[in-house]
There are 2 protein chains.
Amino acid sequence: MIRNSPVVKAVRLLAYVAREETPVTLADLSAAVKLPKPTVHRIAALLEEEGFLYKDPLTRRYSAGKTFQELCFYALRSGAHGERHLILQRLSEKLAETINLAVLVGREVMYIERIESAWPLNINFQPGSRVPVHCTANGKLLLAFAPRRHRERLLNSIELRPYTRNTMVDGARLLRELQEIRRQGYSEDNEEFLAGVCCLAVPVKDRRGRVVAGLAVSAPSARFPLEKARSYLPDLQACAEELSVQAKLGF
Amino acid sequence: MIRNSPVVKAVRLLAYVAREETPVTLADLSAAVKLPKPTVHRIAALLEEEGFLYKDPLTRRYSAGKTFQELCFYALRSGAHGERHLILQRLSEKLAETINLAVLVGREVMYIERIESAWPLNINFQPGSRVPVHCTANGKLLLAFAPRRHRERLLNSIELRPYTRNTMVDGARLLRELQEIRRQGYSEDNEEFLAGVCCLAVPVKDRRGRVVAGLAVSAPSARFPLEKARSYLPDLQACAEELSVQAKLGF
DNA sequence: TCGAATCATTCTAAATGTTGGAATTTTTGT
DNA sequence: ACAAAAATTCCAACATTTAGAATGATTCGA
């Protein structure tokens, strides 16, 4: 991806101006974003024309423009992914553990949402971060329910790197486990990725029944072992159903 | 001035996404800004990388990104230096009570500006702080004038937690009140959030007449009961109008 | 009031990223 | 399972960006 794009420069200018308390001079801007003044000047002029910046005619200082400020009202209005977040939050509160929603992206699992439990000491993975597919509950789940061709291609292209003593590094064994996951409808991670942390994941399906995401609870084995997680299966499945039925996945 | 600059294209994309209520597809975007899909695709990817857009991995729809939302927050708050502040200050002086301007952020109401009255003893809510939506004048007002879909989704996802004896905890009754608010054009909070404190709020509209913010007076019922607040409705409305017409919302 | 220093703006040719039709892949709807 | 729609990738022609240098404007101290 091109990182020298004028688009990137423009939004960084915008970000700097918006974050500053008071209007800024061109020289400030130029120093802050590390671009030559003529460059900043031109981009700022474009942003000004679009109403994203406002240049005070007297002081020549830049601040947020009218269009931009108006936009702010709208952008904030719909706090990202309200309903989905709420559904997950309810589940997290009930189990008192971390809940995350993930999808398959390329050869990895990406969190699209994550509700941290109130407990201290739990791993910090931000939404957007990625984890391996062969040693996580969500990963194995999504792999198990992926279309066969897709699954095979993926399995051939990943390396079964060991993360803990329990990480599965044997392809044949992984295959058997995937079959088992399809049979029982959920997957487990018994400290296969992070020592001391176990997970349990259930599928989230779209209208047509295809598995599009995984919903998992993850917690320190010490206070929340897999047996306990299993006892909450109905709650997890109900939550997954809620996400599916209401088609709240999208937004 | 070059008008075909990618910078211009980028900010127009951003503006369109921010103004839409729900996440938009690439095809929508392409049609809306009248640019070929590959072009939109590339620019959107850049904006996503910068956190200005968020592409849901499941639906591939674009919405405002995290960095952008954070920026909006700053941009709205830093308006406090300019004309907007003066307009609010005049009103506050006339009523001799606390005035605040608020917007809907997610499921809550956020103050973007607040002029404290000179009186002692009044609650200290800084700009940026959030209050519930179902038991405040601004909250009910913004809810009442929000687009229907947005309102319904919000109502479904909030908990009508009681704060005082007067807090509305009955959804049906709240709905009726919202209808009444739309009819009469203003909303009241009769000690529903804080015992002993009442508020009255009027809508602030944008150019197209959509309600984007709420302007409220809040005061101890003892010295400034709702009847008295109502007598100042013309002043509040004039002030809201001033903010709207002159488009001084920005700053 | 003057001049020096700083800041803003314009100019330019070379460099770079952009562009969008066409092809490809993926997803959706029937 | 199929057709239609949408998203994504490609790439060579092309338009914009780039930033040094020059110029004009403003600020500030003496």
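Below, chains carry the letters A, B, ... as their sequence lines are ordered, and counting in each starts from 1.
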**Item:** Rounded to 10 degrees, the angle between the two terminal axes of the helix from C:dT1-D:dA30 to C:dT30-D:dA1, each from five pairs
**Value:** 70°

**Fill in**
Among the nucleotides C:dA8, D:dT18, C:dT19, whichever has the atom closest to the side chain of B:Pro6 is C:dT19

**Asked** Rounded to whole angstroms, how far apart are CG on B:Leu46 and P on C:dT19?
**Response** 10 Å

**Item:** Integer-rounded Å distance: D:dA5 C1' and B:Leu29 CG
**Value:** 17 Å

**Asked** If only side-chain N and O atoms of B:Asn4 are considered, is one of them under 4.0 Å from the OP1 or OP2 phosphate oxygen of D:dA15?
**Response** no

**Length of the CD-P vector between B:Glu49 and C:dG17, whole Å** = 14 Å

**Request:** In plain terms, say whether A:Arg90 and A:Glu242 are close enough for a salt bridge, that is, a side-chain N and a carboxylate O under 4.0 Å apart.
**Result:** yes

**N/O donor-acceptor pair under 3.5 Å between A:Thr167 side chain and A:Tyr163 backbone** = yes

**Message:** Do the side chains of A:Lys205 and A:Glu241 get close enough for a salt bridge, i.e. N-O under 4.0 angstrom?
**Reply:** no

**Complete:** When every non-hydrogen atom of A:Phe193 is compared with those of A:Cys135, the smallest separation belongs to CB-O, 3.2 Å

**Asked** Taking CZ from A:Arg42 and C1' from C:dT10, how many angstroms apart are they, rounded to a whole number?
**Response** 12 Å

**Request:** Salt-bridge test for A:Asp235 and A:Lys94: reply yes if a basic N is under 4.0 Å from a carboxylate O, no otherwise.
**Result:** yes

**Item:** Along DNA chain C (nearest heavy atom to each residue), the more 5'-positioned of A:Asp28 and A:Val7
**Value:** A:Asp28

**Request:** Give the nucleotide from the list D:dA19, D:dT18, C:dA8 with an atom nearest to the side chain of A:Thr25.
**Result:** C:dA8

**Message:** Measuring from the side chain of A:Lys9 (C-beta onward, heavy atoms only), which nucleotide among C:dC7, C:dT19, D:dT18 has the closest atom?
**Reply:** D:dT18

**Spacing between B:Ile43 atom CD1 and D:dA7 atom P, to the nearest angstrom** = 16 Å

**Message:** Looking at B:Arg61, is its backbone amide N or carbonyl O close enough to the side chain of B:Asp56 to form a donor-acceptor pair, meaning the two atoms are under 3.5 Å apart?
**Reply:** no

**Asked** In whole Å, what is the span from the CG atom of A:Leu35 to the P atom of C:dT9?
**Response** 17 Å

**Message:** Between B:Glu20 (side chain only) and B:Thr22 (backbone N and O only), is there a donor and an acceptor less than 3.5 Å apart?
**Reply:** no

Atom pairs under 3.5 Å, N or O on each side, protein against nucleotides 8-12 of chain D: can you list them with distances?
{"unit_1": "D:dT8", "atom_1": "OP1", "unit_2": "B:Lys55", "atom_2": "NZ", "d": "3.3"}
{"unit_1": "D:dT8", "atom_1": "OP2", "unit_2": "B:His41", "atom_2": "NE2", "d": "3.1"}
{"unit_1": "D:dT8", "atom_1": "O5'", "unit_2": "B:His41", "atom_2": "NE2", "d": "3.1"}

**Prompt:** Is the backbone N or O of A:Asn100 less than 3.5 Å from a side-chain atom of A:Arg114, with the two atoms forming a donor-acceptor pair by type?
**Reply:** no

**Prompt:** Is the closest basic N to carboxylate O distance between A:Glu177 and A:Arg173 below 4.0 Å?
**Reply:** no

**Prompt:** So does A:Ser5 get a side-chain nitrogen or oxygen closer than 4.0 Å to the phosphate oxygens (OP1/OP2) of C:dG17?
**Reply:** no

